[in-house]
Peer 1: 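Let me give you the structure first, and then I'll get to my questions.
Just so you know, residue 1 is the first one in the sequence shown, and it goes up from there.
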Amino acid sequence: MKKIKILLVSAVALLTVSCGTTSTVPITGRQQTLMVSDGEVLSLATQQYQDFMKTAKKSTNATNTAMVQRVGQKLATAVNNYLTSNGLQAEVKNFAWEFNLVQDKQVNAWCMPGGKIVVYEGLLPVTQDEASLAIVLGHEIAHAVAKHSAEQLSTQMKQQYGMQIGTMVAGALGMGQNTQSIIQAIAAQGFNFKNLSYSRNHESEADHMGLIFAAMAGYDPQAATPFWQRMAAASTSQTAEFLSDHPSDATRIKQIQGWMPEALKYYKPATTTTTVKKAASTRKATTTKKSTTRR
């Protein structure tokens, strides 16, 4: 009887873990299973974004602020157009784009679910130009479009359910409840979108998608290689790749170069048409009569 009880408990718990919504990540086509709804993620993200902006100091540099908003809006338009043209109009409704430049020396930028983008002033000396800024913002926007935050939340939920399965099985076996404290500790950690550290797979996927988003927005994706080289030179971290959530600089640049032919297919440089007006001139024919004097 005890064995049957354990099997029933495990079966119910595993069924709960397996539930979720399967979706496809745009551009890469990767399948993912999400256990949280868009509404739940957006509600949490909006609250955290508002809390951040209450204490953040916006940049007083009007030129740089305008640049961030200009680049961000071009990317947002490109992403919205891509989603709409690929039958994903419902996804467009999840984004209410906002672009902010804040006073902070960190070399950082982030995009919360829902399209809330923040760029730190410390990033601009490294980006140096709009194309490189587009590479960074495309990467951050890709995290939101690919729903990496929701995927991480879903992973945490699955882990918690897995622990709960162990707890229920342990209870059915008459064992102790020590795992309860572990479950509670994980639940107490909370979830901060601004400080998320994505897995290396998510980071690589965001690099891939962001490169293409930048190209769609009219920015040369080839700016990515020198930008990441500058980032590598500015980085003080010597963490080995297998210990980091991010790919190594060398791996990242190699991957980007591999995706470059695909990205260049989407790149259409902006062309400037110059119209030269020619002044009309009226030429009058002058007839000169030569007089000959006969002597």
Side-chain angles (χ1 to χ4, degrees), residues 42 45-46 48-83 92 94-146 148-149 192-196 198 203 206-207 209-231 233-235 246 252 256 263 266-270 272:
L42 292 174
T46 299
Q48 290 188 4
Y49 169 73
Q50 291 173 347
D51 290 344
F52 173 83
M53 292 306 299
K54 287 178 182 177
T55 59
K57 293 182 179 180
K58 290 188 177 182
S59 174
T60 57
N61 188 313
T63 300
N64 287 341
T65 298
M67 177 182 64
V68 168
Q69 293 176 343
R70 179 171 58 253
V71 174
Q73 190 55 62
K74 285 184 179 180
L75 283 161
T77 299
V79 169
N80 286 345
N81 289 341
Y82 172 81
L83 294 175
V92 176
N94 290 329
F95 294 99
W97 302 97
E98 290 184 30
F99 314 97
N100 304 277
L101 179 64
V102 300
Q103 297 179 42
D104 196 307
K105 294 182 179 180
Q106 293 184 61
V107 182
N108 195 19
W110 44 264
C111 175
M112 284 192 179
K116 310 303 182 185
I117 297 171
V118 171
V119 177
Y120 293 40
E121 285 184 326
L123 177 68
L124 300 185
V126 184
T127 54
Q128 299 182 2
D129 54 49
E130 290 194 19
S132 296
L133 179 60
I135 295 298
V136 178
L137 296 190
H139 171 96
E140 298 302 333
I141 287 172
H143 279 308
V145 173
H148 288 161
S149 298
N192 192 327
F193 293 102
K194 181 173 69 67
N195 295 324
L196 273 181
Y198 296 105
E203 287 295 330
D207 280 345
M209 295 172 65
L211 195 69
I212 291 175
F213 288 156
M216 288 178 177
Y219 293 103
D220 188 352
Q222 295 177 103
T225 298
F227 164 71
W228 285 114
Q229 288 172 340
R230 292 195 298 273
M231 281 290 289
S235 176
H246 289 63
R252 171 169 257 152
I256 285 173
Y266 293 91
Y267 176 48
K268 296 180 180 179
T272 303

Peer 1: Let me see the working for Arg252 and His246 under side chain to side chain contact (heavy atoms under 4.5 Å, CB included), right down to the final yes or no.
Peer 2: CA-CA 9 Å; Arg252 171 169 257 152; His246 289 63; 4.2 Å; yes

Peer 1: Quick one: does Leu123's side chain get under 4.5 Å of Leu133's, heavy atoms only?
Peer 2: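 The answer is yes, as the side chains (C-beta and beyond) meet within the 4.5 Å cut-off.
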
Peer 1: Whether the side chain of Lys74 engages the backbone of Met216 through a donor-acceptor N/O pair (distance < 3.5 Å, no angle test) should be reported.
Peer 2: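 Not confirmed, Lys74 side chain does not pair with Met216 backbone.
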
Peer 1: With a 4.5 Å limit on heavy-atom distance, are the side chains of Ile135 and His139 in contact?
Peer 2: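 Side chain of Ile135 against side chain of His139, heavy atoms only: no contact under 4.5 Å found.
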
Peer 1: Not counting sequence neighbours, list each pair that qualifies as a salt bridge (Lys or Arg N to Asp or Glu O under 4.0 Å) and has a residue in residues 122-142.
Peer 2: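 Checked against salt bridge (Lys or Arg N to Asp or Glu O under 4.0 Å) - neighbours excluded - the pairs reaching residues 122-142 are Arg70-Glu130.
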
Peer 1: With a 4.5 Å limit on heavy-atom distance, are the side chains of Ile141 and Val79 in contact?
Peer 2: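 With C-beta onward as the side chain, the pair touches.
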
Peer 1: Considering non-hydrogen atoms only, spot the tightest contact between Ala215 and Ala263 and give its length.
Peer 2: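 Shortest heavy-atom contact: CB-O, 3.3 Å.
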
Peer 1: Work out which heavy atom in Gly218 is nearest to a heavy atom in Tyr267; give both atom names and the distance.
Peer 2: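 Looking at all heavy atoms of both residues, the closest pair is O-CE1, 3.5 Å.
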
Peer 1: Can you find a pair of side-chain heavy atoms, one from His143 and one from Glu203, that are under 4.5 Å apart?
Peer 2: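 Sidechains of Glu203 and His143: in contact.
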
Peer 1: Starting at OH of Tyr49, measure out to SG of Cys111 and round the result to the nearest 0.5 Å.
Peer 2: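 If I round to the nearest 0.5 Å, the distance is 10.0 Å.
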
Peer 1: Answer yes or no: is there a donor N or O on one side and an acceptor on the other, between the side chain of Thr127 and the main chain of Leu124, under 3.5 Å?
Peer 2: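 Present.
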
Peer 1: Could you check if a side-chain atom of Val107 sits within less than 4.5 angstrom of a side-chain atom of Met231, using non-hydrogen atoms only?
Peer 2: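 Val107 vs Met231: side chains touch.
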
Peer 1: Which pair of non-hydrogen atoms, one from Ala45 and one from Pro113, has the smallest distance, and what is that distance?
Peer 2: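 In terms of heavy atoms, the two residues are closest at CB-O, 3.7 Å.
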
Peer 1: Just by distance, no angles: are the side chains of Ser59 and Glu121 close enough, under 3.5 Å, to form a donor-acceptor pair?
Peer 2: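 Side chains of Ser59 and Glu121: pair found under 3.5 Å.
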
Peer 1: Taking all heavy atoms of Ala131 and all of Ala223, pick out the closest pair and write down the distance.
Peer 2: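 It is CB-CB, 3.7 Å.
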
Peer 1: Assess the side chains of Gln103 and Tyr120: does a donor N or O sit below 3.5 Å from an acceptor N or O?
Peer 2: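 Looking only at side-chain atoms, Tyr120 and Gln103 do not form any donor-acceptor pair under 3.5 Å.
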
Peer 1: How about Leu137 and Phe99: do any of their side-chain heavy atoms sit closer than 4.5 Å?
Peer 2: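 When only atoms from C-beta onward are counted, Phe99 and Leu137 do not touch, as no gap falls below 4.5 Å.
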
Peer 1: If I take atom CG from residue Asn64 and atom CG from residue Leu101, how far apart are they, to the nearest 0.5 angstrom?
Peer 2: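 Result: 6.0 Å between the selected atoms.
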
Peer 1: If you compare all heavy atoms of Leu75 against all heavy atoms of Gly138, which two are closest, and at what distance to 0.1 Å?
Peer 2: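 Closest approach of Leu75 to Gly138: CD1-N, 3.8 Å.
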
Peer 1: Please round to the nearest 0.5 Å and tell me the distance separating atom CD1 of Ile117 and atom CH2 of Trp97.
Peer 2: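 Rounded to the nearest 0.5 Å, the CD1-CH2 separation comes to 5.5 Å.
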
Peer 1: Answer yes or no: is there a side-chain heavy-atom contact under 4.5 Å between Tyr266 and Phe213?
Peer 2: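 No - every pair of side-chain heavy atoms lies 4.5 Å or more apart.
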
Peer 1: Side chain to side chain contact (heavy atoms under 4.5 Å, CB included), that's the test. Do Tyr82 and Val145 meet it? Break it down for me.
Peer 2: CA-CA 11 Å; Tyr82 172 81; Val145 173; over 6 Å; no

Peer 1: Check whether any side-chain heavy atom of Glu98 sits under 4.5 Å from a side-chain heavy atom of Met53, and report yes or no.
Peer 2: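 A side-chain contact under 4.5 Å is absent here.
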
Peer 1: Does any donor atom in the side chain of Arg230 or Ser132 lie under 3.5 Å from an acceptor atom in the other side chain?
Peer 2: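 Yes, a side-chain donor-acceptor pair sits under 3.5 Å.
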
Peer 1: How close do Met209 and Ala142 get, counting heavy atoms only, and between which atoms?
Peer 2: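 Result for this residue pair: CB-CB, 3.6 Å.
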
